[in-house]
Amino acid sequence: MGNPQDMATKLAGRSAQATPALKPEQQISALLKRMESEIARAMPKHLTPDRLGRIALTAIRQTPKLLQCDQMSLLAAVMQSAQLGLEPNTPLGEAYLIPYRNKKEVNGNEIWVDEAQFQIGYKGIIALAHRTGEYQAIYAHEVYKNDKFEFAYGLDKNLTHVPADVPEGEPTHYYAVYKLKNGGFDFVVWSTKKIDAHAKRFSKAYAKGWNTPWKTDFPAMAKKTVLKEVLKYAPKSAELAKALIMDETVKHEISDDMSSVPWINVDAYPVEIATENSDSQKQGEEGTDLFSQG
């Protein structure tokens, strides 16, 4: 792993201060060139620098505000996605690089810094589980009030779900199921009310009604929540366990094992929300918890 101070020196100044005339391709190319030696040490065998650059560029084209982020956090987020083999910020919905504005203390003063957070989508969790070779099936579904839906916990766990042809209203429950190739299985059922309360507990931005993933795509976040819950006690390979550790993190170092790189839980606003609420920031209002558990 490279020395964080050396990396910070190389990346002094935020990308927002970069020459405006540079195109995204040029900025990414310059970043990769400056970090060439560190990247070479951290690069997984299946990846090339060109491929890493294309992953970063695709994410930036989908989310241009990533160029405003601290470049080390952006590179670390890209590296996490690359090591897991998940395409970020694409219609596949496997992973996301999300710009956040974090409150930090520098020389005794609090400042706001834009950083890139790595998040795994619920489809990414399913893909990673299948790659272990242990799962015959793993999935998550929503349940509507006119579905036939019954479940029971206990010694004889059972779940039955027959979806209605035409769903009525909003989902009342979400559940996740896995079945192993050796015959073992488990499931978790959460009511929509329970998931909503969970989201408000771990995402202050959602609790305030701001435009977060919980608000813009509640079903996907709900499915991710029940999937992570059912996998807590499921058999997991070391690779899957490491992947879940990397979910919803901001990091400032790169390594050949990004799961080993430390991260810090900080208060933050999604960048667009931070911009819209700049007056609140000046007054010192607390932002959303960066790690809004999925």
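Sequential numbering from 1 along the given sequence is applied to the chain's residues. Only this structure's heavy atoms are used, side chains among them; waters, hydrogens and symmetry mates stay out.
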Can you list the steps and then say if L66 with N89 is a side-chain contact (heavy atoms from CB on, under 4.5 Å)?
CA-CA 11 Å; L66 285 168; N89 299 33; 4.1 Å; yes
Between E94 and A127, which heavy-atom pair has the shortest distance, and what is it?
OE2-CB, 4.3 Å
Just do the side-chain contact (heavy atoms from CB on, under 4.5 Å) check on D196 and Y206 with the steps written out, would you?
CA-CA 9 Å; D196 187 68; Y206 177 65; 2.4 Å; yes
Rounded to the nearest 0.5 Å, how far apart are OG1 of T225 and NZ of K194?
11.0 Å
Mind telling me whether H173 and F149 have parallel, tilted or perpendicular rings, with 30° and 60° as the class edges?
tilted
Carboxylate-amine/guanidinium proximity below 4.0 Å for K232 and E229:
yes
Applying side-chain contact (heavy atoms from CB on, under 4.5 Å) to I195 and W214, what does each step give before you reach the verdict?
CA-CA 10 Å; I195 293 175; W214 274 108; 3.7 Å; yes
Nearest 0.5 Å, what's the CD-CD distance between Q119 and Q80?
11.0 Å
When you measure from the side chain of K215 to the backbone of G209, do you find a donor-acceptor pair of N or O atoms at a distance under 3.5 Å?
yes
Going by an N to O cut-off under 4.0 Å, is there a salt bridge joining K224 and E248?
yes
Is it true that the side chains of H252 and E115 contain a donor and an acceptor less than 3.5 Å apart?
yes
Min side-chain heavy-atom separation T192-V143 under 4.5 Å
no
How far does CD1 of I254 sit from CE of M79, to the nearest 0.5 angstrom?
4.5 Å
Take atom CD in Q62; do more than 12 heavy atoms of anything else shown fall under 6.0 Å from it?
yes
Could you tell me whether K223 sits above the aromatic face of Y174, with NZ or CZ closer than 6.0 angstrom to the six-membered ring centre and within 45 degrees of the axis?
no
Output for pair (E168 CD, Y144 OH), nearest 0.5 Å, gives 11.5 Å
Side chains of R54 and L57: does their closest heavy-atom pair fall under 4.5 Å?
no
Is any side-chain heavy atom of D147 less than 4.5 Å from a side-chain heavy atom of V162?
no
Decide salt bridge (Lys or Arg N to Asp or Glu O under 4.0 Å) for D114 and K65; before the verdict, give the C-alpha distance in whole Å, the side-chain angles of both, and the deciding distance to 0.1 Å.
CA-CA 9 Å; D114 293 354; K65 289 185 181 294; over 6 Å; no
Report yes if some heavy atom in the side chain of T249 is under 4.5 Å from a heavy atom in the side chain of M258; otherwise report no.
no
Do the two ring centres, one from Y135 and one from Y178, sit under 6.0 Å apart?
yes
Minimum heavy-atom separation for A82 to I55, with atom names?
CB-CD1, 4.2 Å
Do H161 and Y175 have side-chain atoms, one donor and one acceptor, less than 3.5 Å apart?
yes
Is there a donor-acceptor contact under 3.5 Å linking the side chains of Q83 and S259?
no
Check whether any side-chain heavy atom of T63 sits under 4.5 Å from a side-chain heavy atom of I98, and report yes or no.
no
When rounded to the nearest 0.5 Å, the distance separating CG of L86 from OH of Y96 is 11.0 Å
Is it possible for you to say whether L180 and V226 belong to one hydrophobic cluster, with membership spreading through side-chain heavy-atom contacts below 4.5 Å?
yes
Does any non-hydrogen side-chain atom of V250 lie less than 4.5 Å from one of W263?
no
Side chains of P88 and V78 in contact at under 4.5 Å (non-hydrogen atoms):
no
So do the side chains of L244 and L128 get within less than 4.5 Å of each other, counting heavy atoms only?
no
Start with the C-alpha distance between H130 and I138, add both sets of side-chain angles, then the distance that settles side-chain contact (heavy atoms from CB on, under 4.5 Å), and finish with yes or no.
CA-CA 8 Å; H130 277 300; I138 178 169; 3.7 Å; yes
Check this for me: does any side-chain nitrogen of one of K179 and D186 sit under 4.0 Å from a carboxylate oxygen of the other?
no
Under 3.5 Å, is there a donor-acceptor pair between the side chain of S73 and the main chain of D70?
yes
If only side-chain N and O atoms count, and only distance matters, is there a donor-acceptor pair under 3.5 Å linking N158 with Y153?
no
Look up atom OG in S260 and atom CG in D257, then write down how far apart they are to the nearest 0.5 Å.
4.0 Å
Look only at the side chain of K236 and the backbone of L231, and say whether a donor-acceptor pair between them is shorter than 3.5 Å.
yes
